[in-house]
Trainee: 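So that we are looking at the same thing, I have put the structure below in structure tokens.
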Amino acid sequence: GHRAGGAGSRRARAERACLCRRERVRAMFYHAYEHYLESAFPYDELRPLTCDGQDTWGSFSLTLIDALDTLLILGNVSEFQRVVNVLQEGNFHSFLPTWCNGFCCVLAVVGGLLSAHLLSRKAGIEVEAGWPCSGPLLRMAEEAARKLLPAFQTPTGMPYGTVNLLHGVNPGETPVTCTAGIGTFIVEFATLSHLTGDPVFEDVARKALKALWKNRSDIGLVGNHIDVITAKWVAQDAGIGAGVDSYFEYLVKGAILLQDKELMSMFLEYNKAIKNYTKFDDWYLWVQMYKGTVSMPVFQSLEAYWPGLQSLIGDVDNAMRTFLNYYTVWKQFGGLPEFYNIPQGYTVDKREGYPLRPELIESAMYLYRATRDPTLLELGRDAVESIEKISKVDCGFATIKDLRDHRLDNRMESFFLAETIKYLYLLFDPDNFIHNDGSDFDVVVTPYGECVLNAGGYIFNTEAHPIDPAALHCCRKRREEQWEVEDLMREFYSRKKTKKFTLKRAPDHGEGDNAKDSQDASSEKAGEKRSSKKSSHSLLSCPSQSFNSKLAVLGQVFLDNT
């Protein structure tokens with residue numbers, strides 16, 4: 001009894017500490033957000049040392065779009081609604097720049113708008129008939145993405161890095177693009193294709209991913225920069241950090257979002273090569289992509305996303321060991337320097353800064369969900385303390401120019417509100433709707449039938465904009481694939497009649513009963529489906545699953561009945 005009471009009081013103390021830190025993180029958000037609105041809007045970013053604004057990515061109020069879903073995660077429904085109204089009522093063309101780094105446009109603008117579109121109903125915004133398959137924010141996201149499509153018109157299908165949104169790719173534009181800039185479209189573009197019914201977005205994103213895969217080296221690695229016309233590698237350093245990072249991230253997240261075995265098997269092949277050639281003592285170095293020889297024994301702060309990614313594929317032990325290495329660097333400096341020389345155990349010349357990046361906190365959030373290890377909360381506490389102590393100024397939070405002497409730089413990048421604050425808050429808020437385990441959900445009626453949303457399993461794009469994977473099944477006009485699955489299931493039942501296996505049906509993600517009855521040769525199937533719907537309430541045990549975790553296939557959720 002005494003021991004149980006002790007455990008209970010420890011839990012209570014931990015919960016109180018989390019609540020306290022959560023409120024501190026909330027206060028940090030508003031300190032930065034309100035000063036952005038007062039001093040910098042409609043510019044892209046706040047300059048916190050001079051209390052004014054600047055355009056960095058092309059003048060589309062980037063910080064506002066980036067902070068939008070953070071508002072809802074913090075529970076500020078009214079401000080979320082106000083900003084959505086600002087975006088809807090303003091002339092969207094005034095938000096779009098004339099030129100855009102395609103990669104950054106997609107992550108921030110398209111990702112932010114898609115996320116806000118899918119969260120609108122949850123935030124109490126009156127959505128139009130046909131939502132989530134239509135809506136003003138979805139149309140804005142589609143318009144922005146369509147203007148990026150000319151970048152993909154290359155012989156390889158790999159996109160140019162920069163595109164003029166009025167005139168397409170400039171004739172003198174460099175054909176050299178970083179690997180991440182080619183491989184970080186599938187989450188947003190597949191979501192767009194599924195919601196709008198236009199396959200072009202997913203098609204170009206897949207083609208780009210496959211082109212990188214096709215051009216990997218004989219030992220299974222990809223370099224840093226490639227010529228999108230000739231497919232020749234210009235920078236041949238292979239690693240998991242800057243210039244490559246989100247390509248690997250999107251193979252995993254794309255596989256989970258789309259239930260795609262091909263994308264996952266690509267990542268798992270890369271993962272083997274990365275472990276074989278770049279991993280030393282739970283650190284990851286940079287190597288020559290063809291030979292595997294070490295080119296830079298350096299850890300970059302951008303690499304700190306990797307333990308979180310490893311946790312998504314279930315490799316938690318390796319993830320924790322690498323995380324703890326990175327955390328020792330944080331404790332050494334009160335932040336992660338952009339580059340850290342591993343053998344020397346110190347910063348690299350001209351790379352001593354910390355622009356309040358989120359990656360280590362992101363990994364802590366994922367790993368805490370997987371392990372509940374209190375060490376991860378300690379990192380969160382350290383992050384709150386050091387960011388407040390070192391970088392807080394009267395007008396927001398400033399980039400740390402040098403972690404050795406804590407000099408500051410006059411910049412607060414938009415990812416501070418989009419990612420760093422969001423992941424910190426979610427680390428300390430175990431009951432947030434983003435962590436939904438599926439016990440709570442909304443049912444919406446779409447033109448194609450009933451649809452389940454907000455049941456959890458959100459996929460964060462690389463700018464931490466959450467995408468609801470269930471939404472991808474809401475707007476499907478074609479049902480052949482689903483008939484195929486149901487035929488397989490009926491065959492399965494007929495073979496298993498001796499055992500009491502039945503299917504717990506998810507609400508229909510398709511076209512509605514009337515439309516189904518009109519499909520060729522489908523009325524009998526529809527009848528069978530309706531009768532099975534009435535009688536099936538128990539759970540199906542699925543004996544083998546493709547990815548070590550419970551995944552949804554075409555809207556049907558398979559659960560273990562053990």
Side-chain angles (χ1 to χ4, degrees), residues 17-37 39-40 45-51 63 66-67 70-71 73-74 299-305 307-308 323 326-340 347 351-368 374-429 432 463-464:
C18 273
L19 177 63
C20 172
R21 286 170 197 152
R22 194 158 69 233
E23 292 315 305
R24 282 181 72 181
V25 175
R26 187 194 299 275
M28 287 166 73
F29 174 84
Y30 286 114
H31 179 66
Y33 180 73
E34 284 162 9
H35 279 102
Y36 168 76
L37 290 181
S39 308
E45 287 179 0
L46 171 68
R47 297 204 307 167
L49 301 183
T50 48
C51 294
T63 295
D66 251 359
T70 308
L71 284 164
I73 284 168
L74 266 58
F299 158 59
Q300 299 177 341
S301 63
L302 281 168
E303 295 168 18
Y305 77 99
F323 176 87
Y326 297 169
Y327 186 21
T328 59
V329 180
W330 180 289
K331 286 194 279 198
Q332 187 178 346
F333 296 101
L336 287 186
E338 292 286 67
F339 282 32
Y340 179 82
T347 57
R351 294 286 188 276
E352 305 92 349
Y354 171 55
L356 310 183
R357 289 198 189 281
E359 283 77 14
L360 192 64
I361 300 159
E362 173 187 358
S363 283
M365 191 274 291
Y366 279 113
L367 280 167
Y368 187 65
T375 310
L376 299 153
L377 296 178
E378 287 171 25
L379 175 272
R381 178 202 63 202
D382 289 353
V384 171
E385 298 284 350
S386 58
I387 290 170
E388 282 203 322
K389 183 178 177 183
I390 303 169
S391 86
K392 186 176 184 180
V393 293
D394 289 346
C395 275
F397 292 87
T399 284
I400 300 166
K401 189 172 190 172
D402 193 327
L403 278 164
R404 297 168 306 175
D405 58 16
H406 296 170
R407 278 180 299 145
L408 299 178
D409 212 354
N410 194 15
R411 191 167 181 198
M412 186 184 83
E413 298 203 45
S414 71
F415 57 66
F416 178 65
L417 294 183
E419 300 183 71
T420 311
I421 290 285
K422 184 182 289 153
Y423 287 131
L424 261 179
Y425 191 81
L426 288 172
L427 175 63
F428 294 131
D429 190 13
N432 198 280
E463 192 87 359

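Just so you know, residue 1 is the first one in the sequence shown, and it goes up from there.
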Trainee: Sequence neighbours excluded, which residues qualify as disulfide (SG to SG under 2.5 Å) partners of Cys51?
Mentor: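 Disulfide (SG to SG under 2.5 Å) check on Cys51 returns Cys395.
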Trainee: Among Glu419, Glu338, Glu413, Glu303, which residue satisfies the salt bridge (charged side-chain N to carboxylate O under 4.0 Å, His left out) criterion with Arg357?
Mentor: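 For Arg357, the salt bridge (charged side-chain N to carboxylate O under 4.0 Å, His left out) test succeeds with only one of Glu419, Glu338, Glu413, Glu303, which is Glu338.
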Trainee: Please determine, by modelled atom types, if Thr63 and Glu45 share a side-chain donor-acceptor pair under 3.5 angstrom.
Mentor: no
Trainee: Shortest non-hydrogen contact from Tyr354 to Leu336?
Mentor: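 In this case the closest contact between Tyr354 and Leu336 is CD1-O, 3.3 Å.
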Trainee: How would you list, by chain and number, every residue that makes a salt bridge (charged side-chain N to carboxylate O under 4.0 Å, His left out) with Arg21, sequence neighbours excluded?
Mentor: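 Arg21 satisfies salt bridge (charged side-chain N to carboxylate O under 4.0 Å, His left out) with no residue once adjacent residues are dropped.
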Trainee: Between Gln332 and Tyr340, do the side chains contain a donor N or O and an acceptor N or O under 3.5 Å apart?
Mentor: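 Result is yes, a qualifying pair exists.
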Trainee: Mind checking salt bridge (charged side-chain N to carboxylate O under 4.0 Å, His left out) for Glu34 and listing every partner two or more places apart, or none if nothing turns up?
Mentor: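 So Glu34 forms no salt bridge (charged side-chain N to carboxylate O under 4.0 Å, His left out) with any residue.
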Trainee: Does Ala464 offer a backbone N or O that forms a donor-acceptor pair with the side chain of Lys422 under 3.5 Å?
Mentor: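 Between the backbone of Ala464 and the side chain of Lys422 there is a qualifying donor-acceptor contact (under 3.5 Å).
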Trainee: Heavy atoms, side chains only, cut-off 4.5 Å: are Tyr33 and Thr70 in contact?
Mentor: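 They are not in side-chain contact.
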Trainee: Taking all atoms of both residues into account, what is the closest heavy-atom pair of Ser414 and Glu463, and its distance?
Mentor: OG-OE2, 3.9 Å
Trainee: Got a second to check how far Arg26's CZ is from Ile421's CD1, nearest 0.5 Å?
Mentor: 11.5 Å
Trainee: How long is the span from the SG atom in Cys20 to the CZ atom in Arg381, to the nearest 0.5 Å?
Mentor: 12.0 Å
Trainee: Where is the tightest heavy-atom contact between Leu356 and Ala398, given as atom of each residue plus distance?
Mentor: CD1-O, 3.9 Å
Trainee: Less than 3.5 Å apart, any donor N or O on the side chain of Tyr327 or Asp382 sitting next to an acceptor on the other?
Mentor: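 Yes - a donor-acceptor pair under 3.5 Å links their side chains.
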Trainee: Among Arg411, Met28, His35, which one satisfies side-chain contact (heavy atoms from CB on, under 4.5 Å) with Phe397?
Mentor: Met28
Trainee: Taking only residues two or more places apart in sequence, or in another chain, which ones meet Thr347 in a side-chain contact (heavy atoms from CB on, under 4.5 Å)?
Mentor: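 If we apply the side-chain contact (heavy atoms from CB on, under 4.5 Å) test to Thr347, skipping adjacent residues, the hits are Phe333, Pro337, Glu352, Arg404.
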Trainee: Taking the side chain as every heavy atom from C-beta outward, state whether Trp330 and Ser386 have any pair of such atoms under 4.5 Å apart.
Mentor: yes
Trainee: Minimum heavy-atom separation for Leu426 to Asn432, with atom names?
Mentor: CD2-CG, 3.6 Å
Trainee: Ignoring hydrogens, what is the shortest heavy-atom contact between Leu427 and Gly380? Give both atom names and the distance.
Mentor: CD2-CA, 3.6 Å
Trainee: The criterion is side-chain contact (heavy atoms from CB on, under 4.5 Å); which residues satisfy it with Thr420, sequence neighbours excluded?
Mentor: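 For Thr420 the side-chain contact (heavy atoms from CB on, under 4.5 Å) partners, ignoring immediate neighbours, are Pro358, Ile361, Ile387, Phe415, Phe416.
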Trainee: Quick check: do Asp66 and Leu417 have side-chain heavy atoms less than 4.5 Å from each other?
Mentor: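 They are not in side-chain contact.
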Trainee: So, taking the atom named CG in Asp402 and the one named CG in Asp405, what distance separates them when rounded to the nearest 0.5 Å?
Mentor: 4.5 Å
Trainee: Mind checking whether Phe29 and Leu71 have side chains closer than 4.5 Å, heavy atoms only?
Mentor: yes
Trainee: Compare every heavy atom of Pro48 with every heavy atom of Met412, then report the nearest pair and how far apart it is.
Mentor: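 Closest pair (atom of Met412, atom of Pro48, distance): N-CD, 3.7 Å.
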Trainee: How would you list all residue pairs meeting side-chain hydrogen bond (donor to acceptor under 3.5 Å, both in side chains) that involve residues 387-399, not counting sequence neighbours?
Mentor: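 Listed by first then second residue: Arg24-Glu388.
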Trainee: List the steps, then state whether side chain to side chain contact (heavy atoms under 4.5 Å, CB included) holds for Leu408 with Ile400.
Mentor: CA-CA 5 Å; Leu408 299 178; Ile400 300 166; 4.1 Å; yes
Trainee: Among Val384, Leu74, Asp429, which residue meets the side-chain contact (heavy atoms from CB on, under 4.5 Å) test with Val25?
Mentor: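 Output: one option passes, namely Val384.
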